[in-house]
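Take a look at the structure below.
These numbers come from the heavy atoms of this one structure, side chains and all, not from hydrogens, waters or symmetry mates.
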Amino acid sequence: MEGYRASRRRRGVIRRKEMPLWQELPLLLVVAFCLAVLIRTFLVQAFFIPSGSMENTLLVGDRVLVNKVVYDMRDPVRGEIVVFRGTDNWAPEQPATPVSNSFGAKLGRTIGDLVGVSRPGEKDFIKRVIGLPGDKVACCDAKGRITVNGESIDEPYVQENSSLDAPPNPKQCTSRRFAEVTVPAGEMFVMGDHRLVSQDARCQGPVPISNIIGRAFVVVWPSSRFTGLSVPDNWKNFAAAHPVAQAPPGAAPPSAPDPATGALIVPFLFTAGLSARSGLLSVTRRRRLRS
């Protein structure tokens, strides 16, 4: 027997000592947590919808996944739903609530943020892109629709619009009407789908494109509302007729949209989940084989 073991060592056959399940499982959990932190920081983040400004596209309590790298490769497209940091002009849509700074509370918020159950910051907003740099946005035409560069836009996703009779108010978006706005270079004009309650660029002004956190591309929770958040057909048709925004001379035109944004991220997350699961299964199999 000793000669057989020596022969195996001479042939370079080394058998790794298998780690017990009670040691390997915590290691796998730590690795999975680190991967989740990296994914949340650089690739995808889950956001909780706290207000009704995007109803009925997004309801209060929905969880959406946000692609944080797509705009590193291209510019935003009209009709996309984006999460962004508001400027100083943007008032929070939800009243501030006291926040505990204890270690347990911070840990809970961190874990909740990773899985998409925590609330966004006061200055984080989610709206639909209506105008790009150089676009002229106004409301309304004879049918009460917004216009972009003089062309009327049908918006079937708007379920409850603001009043046509209310006079424009620069401090509150209580009126559907607003004077024509030329979107400055490097900025975007955004509006909520629930115009009656949404506080958006109509009264708070355009937002720098650099303030975008990412593009919301899918509703993941509740499961009954699982759906993709693609660009509506009305904006696709508009883009086909106006592929380049009316940007000032010298400004870079927006890049072509990447329709595979969500398709690239979701399989990645799915594959990561399968990898972790297969690791746990392999541990179980090894323990069965040894018993």
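Within the 4.5 Å cutoff, no side-chain heavy atoms of Ile49 are placed close to those of Leu59. Side-chain atoms of Met54 and Asp62, non-hydrogen and from C-beta on, never get closer than 4.5 Å to each other. At least one side-chain heavy atom of Asp124 sits under 4.5 Å from a side-chain heavy atom of Arg85. Within the 4.5 Å cutoff, side-chain heavy atoms of Tyr71 are placed close to those of Pro76. Looking only at side-chain heavy atoms (C-beta outward), Ile209 and Asp75 stay at 4.5 Å or farther from each other. Side-chain contact between Met191 and Arg202: present, with at least one pair of heavy atoms (C-beta onward) separated by less than 4.5 Å. In this structure the side chain of Ile81 reaches within 4.5 angstrom of the side chain of Ile126, judged on heavy atoms. Between Phe189 and Val148 there is no side-chain heavy-atom pair separated by less than 4.5 Å.
Between the CZ atom of Arg145 and the SG atom of Cys139 there is a distance of 10.5 Å, given to the nearest 0.5 Å. Here the straight-line distance linking atom OG of Ser53 with atom CD of Gln199 works out to 9.5 Å at 0.5 Å rounding. Atom NZ of Lys136 sits about 5.5 Å away from atom CD of Glu180, to the nearest 0.5 Å. With rounding to the nearest 0.5 angstrom, the CG atom of Leu58 is 10.5 Å from the NZ atom of Lys127. Atoms CG and CG, from Asp154 and Asp233 in turn, are 12.0 Å apart once rounded to the nearest 0.5 Å. Atom CZ of Arg195 and atom SG of Cys173 lie 10.0 Å apart (nearest 0.5 Å).
Arg225 approaches Asn56 most closely through the heavy-atom pair NH2-O, 4.0 Å. In plain terms, the two heavy atoms of Lys236 and Val231 that are nearest each other are CE-O, 3.1 Å. Taking all atoms of both residues into account, the shortest heavy-atom contact from Ser175 to Ser162 is C-CB, 3.7 Å. Contact record, Gly134 with Thr182: O-CG2, 4.2 Å, taken as the closest heavy-atom pair. Annotation for Leu164 and Arg177: closest pair O-NE, 3.0 Å, computed over non-hydrogen atoms. Taking every heavy atom of both residues into account, Pro232 and Asn234 meet most closely at CB-OD1, 3.0 Å.
Geometric assessment of Arg128 against the ring of Tyr157 yields a positive cation-pi assignment under the 6.0 Å and 45° thresholds.
Hydrophobic clustering (ILVMFWY, side-chain heavy atoms < 4.5 Å, transitive): Phe226 and Val44 are in one cluster.
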Query raised in the report: Going through the checks in order, is the side-chain contact (heavy atoms from CB on, under 4.5 Å) test met by Val129 and Val77?
Result: CA-CA 7 Å; Val129 178; Val77 173; over 6 Å; no
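Asp193 places no side-chain N or O within donor-acceptor distance of the main-chain N or O of Val158, the cut-off being under 3.5 Å. With Trp235 contributing its side chain and Glu155 its backbone, the two residues share no donor-acceptor pair below 3.5 Å. Here the side chain of Asn67 pairs no donor or acceptor atom with the backbone of Arg215 at under 3.5 angstrom. Without hydrogens or angle criteria, Arg63 side chain to Gly61 main chain gives a donor-acceptor distance under 3.5 Å.
Partner of Ile153 under the side-chain contact (heavy atoms from CB on, under 4.5 Å) criterion, out of Asp141, Thr147, Ile146: Ile146 alone.
Note: Phe125 and Phe84 have parallel aromatic rings, judged against thresholds of 30 and 60 degrees for the angle between ring planes.
Looking at residues two or more places apart in sequence or on another chain, you find a side-chain hydrogen bond (donor to acceptor under 3.5 Å, both in side chains) between Glu151 and His242.
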